[in-house]
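Have a look at the structure below, then the notes.
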Amino acid sequence: MAAFAALTIPLTIAVLVLPLLPPCLGQVVPKNANLTWLTLDDSSPISPLRMNPCMVVFGGEVLALGGLAASGRPLSDVWRSKDALTWTNVHASPSFSSRYASGCAVLGDQVFIAAGMRGGWNIHRQPTRSVWATRDLHAWRRGRNGGFSSRANIGLVAFKGEFWVIGGRGFHMAYNDVWRTADPLQGKWIEVVRNAAFKPRGAMGITVF
């Protein structure tokens, strides 16, 4: 039986798979783990350096969408890789609006990117709730706004043929609400829970198992 799992991961044990801003660069050495960890540094072909990209697996490849450049500029480019070592720039300026700290997921034959923060690191920052979708990583369609309020650092997951948005953060508050929809582009969101049992939070890990 499928279920949700959500947790907040301390920065000290966060896995880094993309070049990030220098204060965030590091590596993970888990204790008593039978795993081989690979740290990618700024020799990666992904450019510019960034933090808070949105990552998802689609068509047998890892995708990296957007993020915040070291200069403080939000990005809207798309990169793809089959092994997380060799990356190809799919589109330098796709039609979805630039953002970072967004959520992305795959439903059917489409990739969706939702919510996030627009504007620079400290200037003109503005959370968004817009949703964009693509089938080919080149042509993007914007969905109708509706449902959850503008926010960043959401939990976004595909579950039983629907998208679920969990929590997130705005400027001055965090959320613990849960929303779902079978068609994100139509903006027909259903509020499942307004105040869930877990505390308000953002930037947590969400998975289905």
Side-chain angles (χ1 to χ4, degrees), residues 1-11 13-18 51-67 76 78-81 84 94 96-97 99-117 127-135 137 140-170 173-209:
M1 180 177 179
F4 285 119
L7 68 158
T8 302
I9 303 176
L11 184 61
I13 62 169
V15 180
L16 305 179
V17 295
L18 281 180
M51 64 182 294
N52 292 129
C54 190
M55 301 192 70
V56 68
V57 175
F58 178 67
E61 296 181 310
V62 180
L63 304 181
L65 290 72
S76 62
V78 177
W79 293 77
R80 70 198 309 170
S81 174
F96 73 82
S97 54
R99 64 189 63 198
Y100 59 96
S102 54
C104 55
V106 173
L107 187 61
D109 63 348
Q110 297 185 83
V111 177
F112 291 80
I113 184 168
M117 193 70 73
T128 180
R129 60 178 178 173
S130 64
V131 179
W132 295 76
T134 183
R135 287 187 169 88
L137 304 181
W140 291 79
R141 295 178 298 152
R142 179 172 179 169
R144 298 177 181 175
N145 288 339
F148 61 91
S149 58
S150 296
R151 63 189 69 180
N153 294 308
I154 62 171
L156 177 65
V157 67
F159 179 63
K160 291 186 175 181
E162 295 183 306
F163 271 135
W164 295 69
V165 168
I166 303 171
R169 289 184 177 275
M173 65 179 297
Y175 300 91
N176 62 340
D177 52 353
V178 178
W179 296 78
R180 65 179 174 86
T181 181
D183 190 350
L185 295 181
Q186 293 301 314
K188 297 179 179 179
W189 292 85
I190 298 172
E191 186 178 38
V192 180
V193 180
R194 179 163 298 181
N195 293 292
F198 60 85
K199 294 181 179 180
R201 67 191 64 193
M204 61 281 188
I206 303 289
T207 191
V208 175
F209 69 96

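Residues: numbered from 1 along the sequence shown.
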One should read off an interatomic distance between Asn145 CG and Thr128 OG1, to the nearest 0.5 angstrom, of 6.5 Å
side-chain contact (heavy atoms from CB on, under 4.5 Å) evaluation trace for Met204 with Ile166 = CA-CA 9 Å; Met204 61 281 188; Ile166 303 171; 4.1 Å; yes
4.5 Å side-chain heavy-atom contact, Ile206 and Trp164 = no
How many angstroms lie between CZ in Phe112 and CG in Leu107, if you round to the nearest 0.5 Å?
-> 5.5 Å
Value for CZ (Arg142) from CG (Leu185), rounded to nearest 0.5 Å, stands at 11.5 Å
Report yes if some heavy atom in the side chain of Ile113 is under 4.5 Å from a heavy atom in the side chain of Trp140; otherwise report no.
-> yes
Quick one: list whatever passes side-chain contact (heavy atoms from CB on, under 4.5 Å) with Asn195, sequence neighbours left out.
-> Asn176
Which distance, rounded to the nearest 0.5 Å, do you find between the CD of Gln110 and the CZ of Phe58?
-> 8.0 Å
Is a side-chain N or O of Arg99 found less than 3.5 angstrom from the main chain of Ser97, in a donor-acceptor match?
-> yes
Donor-acceptor contacts, no H, no angles, side chain residues 151-158, under 3.5 Å, sequence neighbours left out:
{"unit_1": "Arg151", "atom_1": "NE", "unit_2": "Ser149", "atom_2": "O", "d": "3.1"}
{"unit_1": "Arg151", "atom_1": "NH1", "unit_2": "Gly167", "atom_2": "O", "d": "3.1"}
{"unit_1": "Arg151", "atom_1": "NH1", "unit_2": "Asp177", "atom_2": "OD1", "d": "2.7"}
{"unit_1": "Arg151", "atom_1": "NH1", "unit_2": "Asp177", "atom_2": "OD2", "d": "3.4"}
{"unit_1": "Arg151", "atom_1": "NH2", "unit_2": "Ser149", "atom_2": "OG", "d": "3.0"}
{"unit_1": "Arg151", "atom_1": "NH2", "unit_2": "Asp177", "atom_2": "OD2", "d": "3.0"}

Find the distance between CZ (Arg180) and CD (Glu191) and round it off to the nearest 0.5 Å.
-> 11.5 Å
Taking only residues two or more places apart in sequence or in another chain, which ones pass salt bridge (Lys or Arg N to Asp or Glu O under 4.0 Å) with Arg141?
-> none
Show your working on side-chain contact (heavy atoms from CB on, under 4.5 Å) between Thr134 and Phe96 and close with a plain yes or no.
-> CA-CA 9 Å; Thr134 183; Phe96 73 82; over 6 Å; no
Pairwise distance CD(Glu162) to CH2(Trp179) - rounded to 0.5 angstrom | 14.0 Å
